[in-house]
Amino acid sequence: MLDILSITGPIYIIIALGFLATFCGLFAKSDMQVFGKFVLHFALPALLFSSLSQRSITEIFNPSYLIVYLMGSLLIVATGYKGSLHIYRQNPTTATFSAMGMSCSNSGFVGFPILLLTMPEVAGVSLALNMIVENLVMIPLLLIMAEKSRGNSSNKVLRQTLFRLLKSPLIIGLIAGFATSLLQLHLPEFLSRTINIFSMSSGALSLFVIGGALVGQSFQGVGRKIYPIVIGKLLLHPLAVLGFILLLPVTGLPPLDPSLLKAAILMAAMPMMSIYTILAQSYGLEDSSSSAMLVTTIASFFSLSGLLLLLQISEGIII
């Protein structure tokens, strides 16, 4: 158990330090937005490019991973949305953001640092594959659902989302990394070292930002509409991905490498993405979304520690 805590402990200590530094006034809440922009515009794109450009395209592009993670996420969207509508009597907009909270992981700010400590050999590849699923499918789909619930044109939202994605540094880093790998290009050493310096800054700073972003969020609204999101994100999402992993032999797709198998399950078990509350704020759902994010982030320390222990115990069974 101590080796599990040696993985999750540093992650959540850094998150706690970010929270305390912001809560005590050493940094302002607005500083976290600046740090977050640095991570999103420089550190993570550099990390994605560095991870992808140094591997062969066959090693990077893994259809089995993409299929199981995408199908598991879509299953949670469908069940989370229908359950929120019919069981918890939420309106379509609120139900959409409940489903978003259950199905969209914080792959970059929390998932990657944890994988870096547990499976560094696949951390970058897993992050890139998750970014493809989340940025190209999940977020556009859920935003279209949110706009349709308001009676707005889904085509307009899709165009706006795709336009933003094309300008996103993360997508640019993904495309550049894939292209460099595909063309087997080799960067000059001074340039590759510069990119590596930026990429190394992503881990600790992203966790620090998550902690600072939690300052000011409260448990207001905790109740029947919060706990399903927490359970859906931390328990049902990884179970759904595991279910599709077990169905891989039926599809005829090649089995996942043991490290990528564990990475897919762990990524699904992360708290919701950091922009969850920002997106929800545009629809008047900032209170419930911030409460859900706070509770999920705190609870994830225990759930992720338990999951890592289970994966360790089941090493010879499912892997």
Check your understanding: Above 12 or not: heavy atoms from other molecules or residues under 6.0 Å from CZ of F27?
Key -> yes
Exercise for review: Apply side-chain contact (heavy atoms from CB on, under 4.5 Å) to F38 and S201, showing your working.
Suggested key: CA-CA 10 Å; F38 173 81; S201 67; 3.5 Å; yes
Check your understanding: Is the closest side-chain heavy-atom distance between L279 and F97 below 4.5 Å?
Key -> yes
**Study point:** hydrophobic_cluster_shared for L261 and L247, side chain cutoff 4.5 Å
**Key:** yes
Exercise for review: Output every pair passing side-chain hydrogen bond (donor to acceptor under 3.5 Å, both in side chains) with a member in residues 110-128, not counting sequence neighbours, ordered by first then second residue.
Suggested key: Y65-S126, E121-S259
Practice item. List the steps, then state whether side-chain contact (heavy atoms from CB on, under 4.5 Å) holds for S274 with I210. Key: CA-CA 7 Å; S274 57; I210 287 292; 3.9 Å; yes
Check your understanding: Considering all heavy atoms of both residues, which atom of G80 and which atom of A99 are nearest to each other, and what is their separation?
Key -> C-CB, 4.3 Å
Revision key, fill the gap. What one should report as the nearest heavy-atom pair of T8 and F301 is OG1-CE1, 3.8 Å
Revision key, fill the gap. Sorted by chain and residue number, the side chain to side chain contact (heavy atoms under 4.5 Å, CB included) partners of S56 (sequence neighbours excluded) come out as T58, E59
Point to revise | Neighbour count >12 (heavy atoms, 6.0 Å) for atom CZ, F42 | key: no
Review point. Do V122 and L115 come close enough that some side-chain heavy atom pair is under 4.5 Å?
Key: no
Review point. Is there a side-chain contact between L75 and M71 (heavy atoms, below 4.5 Å)?
Key: no
Check your understanding: Can you tell me how far CG of L70 sits from CD1 of I132, rounded to the nearest 0.5 angstrom?
Key -> 11.0 Å
**Study point:** Donor-acceptor pair between Y12 and S305 side chains, under 3.5 angstrom
**Key:** no
Check your understanding: Do F35 and M200 sit in the same hydrophobic cluster, where Ile, Leu, Val, Met, Phe, Trp and Tyr count as joined when their side-chain heavy atoms come under 4.5 Å apart?
Key -> no
Check your understanding: Any donor-acceptor pair under 3.5 Å linking the side chain of T296 with the backbone of M293?
Key -> no
Check your understanding: Is there a side-chain contact between V68 and L253, using heavy atoms and a 4.5 Å cut-off?
Key -> no
Practice item. Kindly determine whether N130 and Y69 satisfy side-chain contact (heavy atoms from CB on, under 4.5 Å), including the steps that lead there. Key: CA-CA 8 Å; N130 268 54; Y69 197 87; 3.2 Å; yes
Check your understanding: Near K37 NZ, under 6.0 Å, is it more than 12 heavy atoms from other residues, nucleotides or ligands?
Key -> no
Check your understanding: Do the side chain of S181 and the main chain of G177 share a donor and acceptor less than 3.5 angstrom apart?
Key -> no
**Study point:** Closest heavy-atom pair and its distance - F208, A21
**Key:** CZ-CB, 3.7 Å
Check your understanding: Are L129 and F49 in one and the same hydrophobic cluster, where Ile, Leu, Val, Met, Phe, Trp and Tyr link if side-chain heavy atoms are under 4.5 Å apart?
Key -> no
Review point. Residues in side chain to side chain contact (heavy atoms under 4.5 Å, CB included) with P255, at least two apart?
Key: none
Review point. So do L52 and T180 actually touch side chain to side chain, heavy atoms under 4.5 Å?
Key: no
Review point. To the nearest 0.5 Å, what is the distance between CD1 (I265) and NZ (K262)?
Key: 9.5 Å
Review point. Do P113 and S206 come within less than 4.5 Å of each other through their side chains, counting heavy atoms only?
Key: yes
Check your understanding: S105 side chain to S107 main-chain N or O, any donor-acceptor pair under 3.5 Å?
Key -> no
Practice item. Measure the shortest side-chain to side-chain distance between L260 and N62 over non-hydrogen atoms and say whether it is less than 4.5 angstrom. Key: yes
Review point. Taking atom types as modelled, is there a side-chain donor on S103 or H237 under 3.5 Å from an acceptor on the other?
Key: no
Check your understanding: Is L47 reachable from I175 through a run of I, L, V, M, F, W or Y residues, each pair having side-chain heavy atoms under 4.5 Å apart?
Key -> yes
Exercise for review: Please check if the side chain of D31 supplies one atom and the backbone of A28 the other of a donor-acceptor pair under 3.5 Å.
Suggested key: yes
Study note, to complete from the structure: When every non-hydrogen atom of N106 is compared with those of M272, the smallest separation belongs to CB-O, 3.4 Å
Revision key, fill the gap. Scanning both residues in full, the closest heavy-atom pair of S303 with L234 reads OG-CD1, 3.7 Å
Review point. Could you state the interatomic distance from OG (S149) to CG (N91), rounded to the nearest 0.5 Å?
Key: 7.0 Å
Review point. Looking at CD1 of I229 and CG of L236, how far apart are the two atoms once the value is rounded to the nearest 0.5 Å?
Key: 12.0 Å
Review point. How about M102 and Y81: do any of their side-chain heavy atoms sit closer than 4.5 Å?
Key: no
Exercise for review: Taking all heavy atoms of L174 and all of A128, pick out the closest pair and write down the distance.
Suggested key: CD2-CB, 3.6 Å
Practice item. Examine distances only and state if a side-chain atom of K233 and a backbone atom of M270 form a donor-acceptor pair shorter than 3.5 Å. Key: yes
Practice item. Mind checking the OG-CE spacing from S73 to M267? Nearest 0.5 Å is all I need. Key: 11.5 Å
Check your understanding: Within the distance-only criterion (no hydrogens, no angle test), does the side chain of T251 pair as donor or acceptor with the backbone N or O of L248 below 3.5 angstrom?
Key -> yes
Check your understanding: Can you check side-chain contact (heavy atoms from CB on, under 4.5 Å) on I76 and V241, steps first, answer last?
Key -> CA-CA 9 Å; I76 294 302; V241 171; over 6 Å; no
**Study point:** Same cluster (ILVMFWY, side-chain, under 4.5 Å), F190 and I195
**Key:** yes
Study note, to complete from the structure: So OG1 of T96 and CE of M100: to nearest 0.5 Å the spacing works out to 8.0 Å
Practice item. Using modelled atom types only, decide if a donor and an acceptor are shared between the side chain of S64 and the backbone of P254 within a distance under 3.5 Å. Key: yes
